[in-house]
Asker: 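Quick one: this structure, given as structure tokens, is what I'll be asking you about.
Since the structure is predicted, the reported quantities are computational estimates derived from the model, not experimental observations. Indexing begins at 1, ligand by ligand and atom by atom, following the structure's order. One-based numbering along the sequence shown.
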Amino acid sequence: MNRREDQVFVWPVYTRIIHWLIAFSFTLAFIFSIEENLLNLHVAVGIIFGLMLVYRIIWGFVGPQYARFSTLKLSLAKLKFYFVEKVQNRWREIPAGHNPASSWYTLIVLSGGSVISITGLLLYGIQEGKGYLGFLNHDYYMYMDTLFNFHIYSAYILLIWVIIHISGVLLEQFYHKTNMVFAMVTGYKKAKGEDSKTGKYKSGLTYVFLIISALVFFVSTDGRNNPFVATIYKQHDYKHESFTYYTECGACHKPYPPFILPQSSWERIRGDLKNHFGEEISPTMKKGENRISLNDQTVIFNYLKKHSADKNTKEVSVKVMKSLGGARGRKSITKIRYWKDTHADIPQHVFKSKKVKRKANCFVCHKNFEKGMLEDIDIKIPK
Ligand code: HEC
Ligand code: HEC
């Protein structure tokens with residue numbers, strides 16, 4: 001490495017790796033939040049982000065000198081002086097390590113990032129019923145919206161800080177010419193101070209941490225049968241749970257899971273069987289036609305009402321109930337605002353396509369829906 005006279009070795013390779021892993025995992029988490037069915041990847045990079053923050057915090061106590069919290073320059077007077085000098089003297093000399101602005105930024109990333117990671121983990125457990133915190137869904141489902149807002153707004157706020165940080169770095173690079181961009185690549189910065197050193201055991205610590213993180217990453221991207229992403233919900237076998245519902249109503253369509261509609265909706269559907277979405281169903285019809293005896297109807301609707309949305313803490317149930325407010329349930333979930341909102345981006349012609357045919361044909365886009373599963377990673381619009 002050709003080293004110039006005026007340069008100092010400030011960022012050992014481990015500090016740089018952590019810096020870039022934090023930056024890339026944050027960026028990727030944003031990208032993977034665009035589509036619901038990328039949730040697994042979003043969570044995997046989110047876990048890396050969180051682990052790197054933990055590591056950065058440890059590094060702040062035991063790491064090489066310029067990474068330590070004790071070397072951060074947090075006095076407000078110094079921060080002000082930094083900006084004043086920046087404006088007044090283009091060729092001012094800067095110290096090795098963090099300047100006052102980047103010292104504050106470090107704290108912002110660590111605290112903001114912690115909020116994002118913790119709310120993300122809680123949300124994954126409480127809203128999705130997944131991961132190590134999935135068990136929290138039952139008791140804390142009412143907080144899913146609040147957590148969601150905390151999670152995304154803290155991410156947006158940190159994004160604004162990231163943009164400010166990048167602007168500052170580019171200014172240092174191209175206006176003040178302190179080589180700040182490449183300092184995080186090569187480790188060398190144009191500054192005054194001593195070279196940084198890392199001991200062997202610290203390098204070892206980093207290797208162990210990086211290997212653990214890589215393992216966690218691969219395990220969590222790998223699918224659904226590991227504790228990082230496993231769901232708390234079991235697949236239903238409706239044939240087994242209510243044979244009458246499965247066979248009688250199953251004559252025309254796969255079983256809709258009872259938890260997608262409230263009791264009041266199931267009552268309306270029962271009351272309206274004579275005009276069931278254009279089909280006539282009644283106890284007086286001949287065998288072989290759409291006949292369901294009154295007795296079977298009671299069995300079926302008792303079963304459906306017992307497991308309806310108002311008795312469930314799954315995301316879809318909670319959100320259907322919330323979206324209804326105090327209003328009576330509709331006959332079709334596709335008429336409920338929550339459903340309309342979640343499917344607003346899908347063009348109408350998709351629902352009329354040969355493979356989908358109807359909005360209520362949930363089963364073709366949501367794999368395993370007939371087993372009571374509504375996993376984000378299972379969403380796929382047939383082409
Ligand atoms: C004779 C055929 C037939 C039978 C039997 C039948 N259904 Fe349906 N069902 C339909 C049709 C057709 C639709 C309309 C699908 C659509 O909207 O495109 C429908 C839609 C539904 C929906 C609406 C889903 C939604 O939210 O939009 C529910 C719920 C439902 N049926 C429940 C039942 C239940 C419960 C039974 C048994 C008591 C039953 N169905 C029996 C034909 C039938
Ligand atoms: C044409 C395919 C298609 C059909 C049919 C369809 N969906 Fe969806 N659904 C999607 C897509 C795509 C998304 C994800 C939208 C997004 O990424 O914002 C989604 C999202 C959802 C969500 C939100 C998932 C979450 O975790 O936020 C629920 C709940 C849902 N669908 C239920 C249903 C039900 C119930 C039906 C049937 C009445 C249905 N969907 C019919 C494609 C479909």
Asker: When you measure from atom 37 (C) of ligand 2 to every protein heavy atom, which one gives the shortest distance, and what is it?
Answerer: C362 SG, 1.7 Å
Asker: For ligand 2, is there an atom lying under 4.0 Å from some heavy atom of D345?
Answerer: no
Asker: How far is atom 26 (O) of ligand 2 from the closest protein heavy atom, and which atom is that?
Answerer: D376 OD2, 2.9 Å
Asker: Using heavy-atom distances, let me know which of A360, C252, C249 sits nearest atom 38 (C) of ligand 1.
Answerer: C249
Asker: Provide, to 0.1 Å, the distance between atom 42 (C) of ligand 2 and the closest protein heavy atom, together with that atom's residue and name.
Answerer: I346 CD1, 3.5 Å
Asker: With atom 24 (C) of ligand 1 as the reference point, say which of W266, Y256, Y245, F301 has the nearest heavy atom.
Answerer: Y256
Asker: Should one rank E279, K335, H276 by closest heavy-atom distance to atom 43 (C) of ligand 1, which comes out on top?
Answerer: H276
Asker: Quick one: look at T334 and ligand 2, take heavy-atom pairs under 4.0 Å, and tell me if it's side chain, backbone, both or neither.
Answerer: side chain
Asker: Looking at atom 8 (Fe) of ligand 2, is there an N, O or S atom belonging to H343 that lies under 2.8 Å away from it?
Answerer: yes
Asker: Just to be sure I read this right, does ligand 2 sit under 4.0 Å from the backbone of K359, its side chain, both, or neither, counting only heavy atoms?
Answerer: backbone
Asker: Under 4.0 Å from any heavy atom of T342, which atoms of ligand 2 are there?
Answerer: 15 (C), 23 (C)
Asker: Side-chain contact test, heavy atoms from C-beta onward, threshold under 4.5 Å: evaluate it for Y338 versus V316 and give yes or no.
Answerer: yes
Asker: Return yes when F363 approaches ligand 2 closer than 4.0 angstrom through a heavy atom, no otherwise.
Answerer: no
Asker: Enumerate the atoms of ligand 1 whose separation from the nearest heavy atom of R358 is less than 4.0 angstrom.
Answerer: 15 (C), 16 (C), 18 (O)
Asker: Counting only heavy atoms, which portion of N361 has something under 4.0 Å from ligand 2: side chain, backbone, both, or neither?
Answerer: backbone
